[in-house]
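The structure appears below as C-alpha cells.
Both ligands and their constituent atoms are indexed starting at 1 by order of listing.
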Amino acid sequence: MTTETLTQPMELGIFIDGKFENSLSGKTFKVYNPATGEVIANVQEGDREDINRAVMAARKAFGAWSEMPAAGRSILLNKLADLLEAKKEEFAALESLNTGKPMVESLFVDMGLAVDCFRFFASASRLIRGETIPVPSGHFAYTMKEPIGVVGQIIPWNFPLTMAAWKLGPALAAGCTVVLKPAEQTPITILKFAELITEAGIPQGVVNIVPGFGETAGAALVDHEDVDKIAFTGETKTGKLIMERAAKTLKKVSLELGGKAPNIIFEDADLDMAAKTSAWAVFLNQGQACVSGSRLYVQESIYPQFMEKLVDYSKKIRVGNPMEMSTQIGAVSSQEQFDKIMSYIEIGKEEGAKLLTGGNKVGGEFSKGLFIEPTIFEATQKMRINQEEVFGPVLSVVKFKDLNEAVELANDNQYGLASAVWTSNLLTANTMIKKIKAGTVWVNTYNFICHEVPFGGYKQSGIGREMGLQALDLYLETKSVIVDMGANTPNWYGL
Ligand code: NAI
Ligand code: MG
C-alpha cells in the first residue's frame with residue numbers, strides 16, 4: 001500500500017456485533033491524507049443510535065467474554081498480536097497515509113508498540129487476582145476482581161492504532177467488552193484492524209468500533225446508561241467535559257490528557273547524546289505526542305555549546321514524503337492542527353521569543369501538504385509557547401542556574417505527564433526524580449516506553465495509569481467476600 005496505489009477512496013463502515021454496518025442516519029464523512037490534501041476514505045458517521053446499537057452488542061457479548069477463562073482470552077490476544085505483526089507493513093502504510101507521520105515511525109513505533117501491547121496484556125490477563133485477608137477467627141475474607149462491564153473508549157488521532165491497542169489490551173484482558181470511538185481524523189487503521197479481531201476468533205460484539213465526531217458519537221457514549229466506564233485520551237479541556245458529563249451516571253472515568261513535559265539538561269550531561277535525543281523528544285511525530293519534551297531547560301554554564309549542537313542537529317532533520325523510509329518528519333495531522341501550530345509560532349514571535357530555527361510552512365514540492373519546519377525558540381518561563389500545549393514541532397528553550405531553579409521551573413505548569421533529566425551525577429538525578437511532579441521521569445533517555453511500566457499523569461495530565469499491571473485496575477472492580485465458617489464465634493448481634 002502506498003499513496004500511488006490508492007486510486008479510489010476507501011469505503012468504511014461501523015463495526016457492530018462483528019459486522020460492518022451503515023450509519024442509521026445515512027451520513028458519511030471524509031478522511032484526508034494530510035501530506036497531499038486528497039480524500040482517502042468515506043466513512044459511515046456514527047451517532048447516538050449507532051452508539052446505542054453498539055452498546056447493546058457489547059452488553060450481549062459481556063457474559064460469555066467475562067466468564068471465559070483468562071487463558072482463553074490470553075490465547076486470543078496473542079493471536080491478534082501475531083496477525084497484526086504479520087501485516088505490520090500494510091498497517092504502517094495506512095497509518096502514514098492517514099496521519100502524515102513518516103513510515104519509519106509508523107512501522108517501528110506505532111506498529112511495534114501496538115503488537116507488543118497486545119502481547120503484554122495477553123500475559124497480564126492471567127495475572128489477575130485478589131487477596132486473602134486475615135479476619136477474626138471463624139471467618140474467612142478475600143477479594144476477587146471482576147471486569148467492570150461495558151466500556152466506552154475514546155481516542156485521539158496522533159497514534160491511532162497504538163492508542164486503540166492501549167485501550168483494547170487492558171480492557172479485553174480484564175474481561176470487559178468495548179465500544180471504541182476513534183478520532184474523526186483517523187479511523188482507517190482501527191476499522192481495518194476490526195477484520196483481524198474477527199480473524200483472531202474474538203467473539204462478535206466483544207469489540208465494537210463506531211467512527212464519528214466527539215460532540216455526537218463521543219458524547220452519546222459518555223451519556224449512555226448501560227456503559228459502565230469511560231476511558232479517554234485527548235485534550236485536557238475535553239477530559240474535563242467528559243468527566244462532568246459522566247457524573248450524571250457516575251461512570252468510572254480514566255483520563256490520559258495533555259502535557260508540556262520539561263526536559264532538563266545539567267552541565268555534567270553527555271551533551272552530544274542529550275542534544276540529539278532532545279530534538280527527537282519534541283520532534284517525534286511532528287511534535288504531536290502527549291509526552292513531547294516541548295519545554296527544554298538548559299543549565300546556563302553550557303547554554304551556548306549545547307544550543308549550537310541542538311540547532312545544528314535540528315536543521316539536518318529530513319522533512320518530507322511520509323511514505324519514504326528515509327523521511328524523519330512528515331506532515332501534521334489536519335488543517336485544524338496546522339493552523340493551531342502556526343498560530344502558536346506567531347504568538348511566540350509576538351511574545352518576543354527569539355526564533356533560532358524553523359518557523360515556516362515547508363514549501364516547494366510539499367506546498368500542498370501540511371508540513372512545518374522543526375522550530376526552536378529561545379523563550380522565557382511565562383511565555384504562552386512555554387506554558388501551553390502546542391502539539392507540534394515547536395520547542396521553547398529556557399536557561400536555569402542551578403538544581404533548585406530547575407525544579408521550580410519544571411513544576412511551574414498545569415501539566416504533569418512526563419519529564420526528563422540529563423546528568424552524570426547520581427545525586428542530582430535522584431533529587432530531581434523525587435522533586436519533579438510528573439507521572440514519568442526519564443533519566444538520560446527520552447520516549448522510552450515499556451508496556452510493563454505504568455504510564456499516566458499527575459496534575460491536569462490525567463487520572464489513572466495505563467500500561468503495567470496497574471492498567472488492569474482501570475477495568476476491574478474489587479469485590480470483598482466475608483464468609484462465616486460456621487464456628488459459632490460470638491458476633492456483635494449477640495447471636
Ligand atoms: P479532542 O480531545 O477534542 O479529541 C480527542 C477525542 O475525543 C476524539 O476522538 C474526539 O472525537 C473526542 N471528543 C471530542 N469532544 C468530545 C466530547 N465532547 N465528548 C466525547 N468525546 C469527544 O482533541 P482534538 O480537538 O482532536 O485536538 C485538539 C488539541 O488537543 C490538540 O491540538 C492537542 O493540543 C490536544 N490533544 C492532546 C492529546 C494528548 O494526547 N495529549 C491528544 C489529542 C489532542
Ligand atoms: Mg476537540
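Looking only at protein heavy atoms, the nearest one to atom 40 (O) of ligand 1 is Cys290 CB, 3.2 Å. Looking from atom 38 (C) of ligand 1 to the surrounding protein, the closest heavy atom is Phe391 CZ, 3.4 Å. Of all protein heavy atoms, the one lying nearest to atom 7 (O) of ligand 1 is Phe232 CE1, 3.2 Å. In terms of protein heavy-atom proximity, atom 22 (C) of ligand 1 is closest to Gly214 CA, 3.3 Å. Ranking protein heavy atoms by distance to atom 42 (C) of ligand 1, first place goes to Pro156 CB, 3.5 Å. The shortest contact between atom 12 (C) of ligand 1 and any protein heavy atom is with Ile154 CG2, 3.6 Å.
Note: no N/O pair closer than 3.5 Å links Phe213 and ligand 1 by distance alone. For ligand 1, the polar-atom distance check against Thr233 finds no nitrogen or oxygen pair separated by under 3.5 Å. Ligand 1 has an N or O atom lying under 3.5 Å from an N or O atom of Leu257, backbone or side chain.
For ligand 1, the atoms closer than 4.0 angstrom to any heavy atom of Thr238 are 1 (P), 2 (O), 3 (O), 13 (N), 14 (C), 15 (N), 16 (C), 22 (C). The ligand atoms of ligand 1 that sit less than 4.0 angstrom from a heavy atom of Gln337 are 31 (C), 32 (O). Atoms of ligand 1 lying under 4.0 Å from at least one heavy atom of Gly258, given by number and element, are 41 (N). Here is the list of ligand 1 atoms found below 4.0 Å of a heavy atom in Ala183: 9 (O). Numbered from 1 in the order shown, with element, the atoms of ligand 1 that lie under 4.0 Å from a heavy atom of Ile155 read 6 (C), 8 (C), 9 (O). Within the listing of ligand 1, atoms 24 (P), 26 (O), 27 (O) sit less than 4.0 angstrom from a heavy atom of Trp157.
A 6.0 Å sphere centred on CE of Met243 holds no more than 12 heavy atoms belonging to other residues, nucleotides or ligands. By the neighbour-count criterion of 12 heavy atoms within 6.0 Å, atom NZ of Lys354 is sparsely surrounded, having that number or fewer from other residues, nucleotides or ligands. Crowding of Gln414 atom CD: a count of heavy atoms from other residues, nucleotides or ligands under 6.0 Å exceeding 12.
When each of Ile190, Thr189, Ile188, Asp110 is tested with Phe91 by the rule side-chain contact (heavy atoms from CB on, under 4.5 Å), just one qualifies, namely Thr189.
For Glu466 and Lys167, the salt-bridge test passes: some basic side-chain N is under 4.0 Å from an acidic carboxylate O. A salt bridge between Arg318 and Glu324 is absent, with no side-chain N of the basic residue lying under 4.0 Å from a carboxylate O of the acidic one.
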Next on the checklist: Checking Asp50 against Arg53 for the salt bridge (Lys or Arg N to Asp or Glu O under 4.0 Å) test, could you report, in this order, the C-alpha distance in whole Å, the side-chain angles of both residues, the deciding distance, and whether it holds?
Outcome noted: CA-CA 5 Å; Asp50 305 294; Arg53 285 193 294 163; 2.9 Å; yes
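Using bins of under 30°, 30° to 60° and over 60° for the plane-to-plane angle, the ring pair Phe455/Trp166 lands in the perpendicular bin. Aromatic ring pairs are classed by plane angle as parallel below 30°, tilted from 30° to 60° and perpendicular above 60°; the pair Trp280 and Tyr313 is perpendicular.
At a heavy-atom distance under 4.0 Å, only side-chain atoms of Ile242, from C-beta outward, approach ligand 1. The part of Lys340 lying near ligand 1 is the side chain, judged by heavy-atom distances below 4.0 Å.
Closest to atom 11 (O) of ligand 1 by heavy atom, among Glu336, Glu184, Glu389, Met163, is Glu184. Residue Glu235 holds the heavy atom nearest to atom 23 (O) of ligand 1 of all those in Glu235, Arg245, Lys181.
Remark: Phe15 CZ to Glu21 CD distance equals 10.0 Å, nearest 0.5 Å.
A donor atom on one side chain and an acceptor atom on the other are not found under 3.5 Å apart for Ser25 and Asp47.
Using a 4.0 Å threshold on non-hydrogen atoms, atom 4 (O) of ligand 1 does not count as touching the protein.
Annotation: cation-pi geometry satisfied between Lys229 and Tyr475 (NZ/CZ under 6.0 angstrom from ring centroid, within 45° of ring axis).
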